[in-house]
Protein chains: 2
Amino acid sequence: MQATMSDEMLELIAQRFRLLSDPMRLRILHQLQAGEKSVTELVEATGASQPNVSKHLSTLRTHGLVRRRQEGNMAYFSIGAPFIFDVCNTVCDSMKDELEQKTSLLGQIG
Amino acid sequence: MQATMSDEMLELIAQRFRLLSDPMRLRILHQLQAGEKSVTELVEATGASQPNVSKHLSTLRTHGLVRRRQEGNMAYFSIGAPFIFDVCNTVCDSMKDELEQKTSLLGQIG
DNA sequence: ACACTCAATGCTTACATGGTTATATGTTTT
DNA sequence: AAAACATATAACCATGTAAGCATTGAGTGT
């Protein structure tokens, strides 16, 4: 990170994190990691309502995190910003590490 | 990321991102990157009110992102989860990349 | 004990956001 | 053109949360 950080920059970064701060959106993105999916497929996979999925997809698209392709009646969505998975992996790794630390501490006690 | 993702796991990941989704908290963390700082120092550096800073520090601490050390009258805070900077760097890099892409596209047009 | 300083804690307000329901738009099929 | 299907949008409600303000709590020095 830089030495100084402008307000706009901070706002942009925060915004990106905010997009990733919702379980349902994470679920959608997780599904898209396997490849392009239609709205209906995402509805089935996530268990959310169709309007809910559509709205999330809309906000994700507005911010460039997913792409949309229309084919006939259906809309196919796919990942639009690969950085997502780098970020998620980093977070998952950190959680795994912390979990292991706690586990090993428990091992020392027991 | 794994093939399947439990609800609790998604909630935990989302929670971490939520912590990073606020500009003021990012500002605080950014300040702490340079090293341990007291609340007063953070108040001065961020321009926020003291209660506001304290509250953010409290939530960050609750989730293990910062550590607290008391010395006499003052409380010194420091980064408690190094993964933060990996994540932030990934996001910053992605934004830089996208910016460069847009810039080069503009170059092609102009 | 008192005053002073640093930090934390309610309390309230204002605003953003996620979810639901109902409806609209758009496309294919009959 | 009418019905059926896929997706998007609008209106609404409930909840969460960030910021401000006043206050309390905790430590230090007189």
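Here is how names work: the chains are called A, B, and so on, in the same order as the sequence lines, proteins then strands, and each is numbered from 1.
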Could you tell me if Q50(A) and S54(A) have a donor-acceptor pair between their side chains, going purely by distance under 3.5 Å? yes

Positions of residues 73-81 of chain A (non-hydrogen atom under 4.0 Å from DNA chain C), listed by number: N73(A)

Does S94(B) reach the main-chain N or O of V91(B) with its side chain, forming a donor-acceptor pair under 3.5 Å? yes

What residues from residues 38-55 of chain A pass a heavy-atom cutoff of under 4.0 Å to DNA chain C? S49(A), P51(A), N52(A), K55(A)

d(CG, L20(A); P, dT17(C)) in whole Å: 14 Å

Rounded to 10°, tell me the angle between the two end axes of the helix from dA1(C)-dT30(D) to dT30(C)-dA1(D), each built from five pairs. 10°

Could you list the donor-acceptor pairs under 3.5 angstrom formed by side chains in residues 70-83 of chain B, with sequence neighbours left out?
from   : atom 1 : to     : atom 2 : distance (Å)
Q70(B) : OE1    : R68(B) : NH2    : 2.3
E71(B) : OE1    : R69(B) : NH1    : 2.6
E71(B) : OE1    : R69(B) : NH2    : 3.3

Quick one, L29(B) and L20(B) - any side-chain contact, counting heavy atoms below 4.5 Å? yes

Identify whether any heavy atom of R61(B) sits under 4.0 Å from a base atom; if not, whether one sits that close to sugar-phosphate; answer base, sugar-phosphate or nothing. nothing

Hey, could you give me the CD/CG distance between Q33(B) and L26(B), rounded to the nearest 0.5 Å? 11.5 Å

Which Ile, Leu, Val, Met, Phe, Trp or Tyr residues join L99(A) in one cluster when any pair of side-chain heavy atoms under 4.5 Å counts as a link? none

If you round to the nearest 0.5 Å, how far is CE of M24(B) from CG of D7(A)? 8.5 Å

Does some side-chain heavy atom of D22(A) sit less than 4.5 Å from a side-chain heavy atom of H56(A)? yes

The residue, Q70(A) or R25(A), whose nearest nucleotide of DNA chain C is more 5′ is R25(A)

In this structure, NZ of K55(B) is separated from CG of L60(B) (nearest 0.5 Å) by 13.0 Å

Sub-4.5 Å side-chain heavy-atom contact between E41(B) and Q31(B): no

Covered region of DNA chain D, 5' end to 3' end, by chain B [heavy atoms, under 4.0 Å]: dT17(D) to dT28(D)

Can you check the R69(B) CZ to dA8(C) P distance for me, whole Å? 13 Å

Nearest-0.5 Å distance, OG of residue S21(A) to CD of residue Q15(B): 10.5 Å

Show, in sequence, the C-alpha distance, side-chain angles and deciding distance for H30(A) and R27(A), and conclude whether the side-chain contact (heavy atoms from CB on, under 4.5 Å) test is met. CA-CA 5 Å; H30(A) 184 230; R27(A) 201 185 303 266; 5.5 Å; no

More than 12 heavy atoms of other residues, nucleotides or ligands under 6.0 Å from CZ of R18(A): yes or no? yes

Tell me the interatomic distance from I28(A), atom CD1, to dG18(C), atom P, rounded to whole angstroms. 11 Å

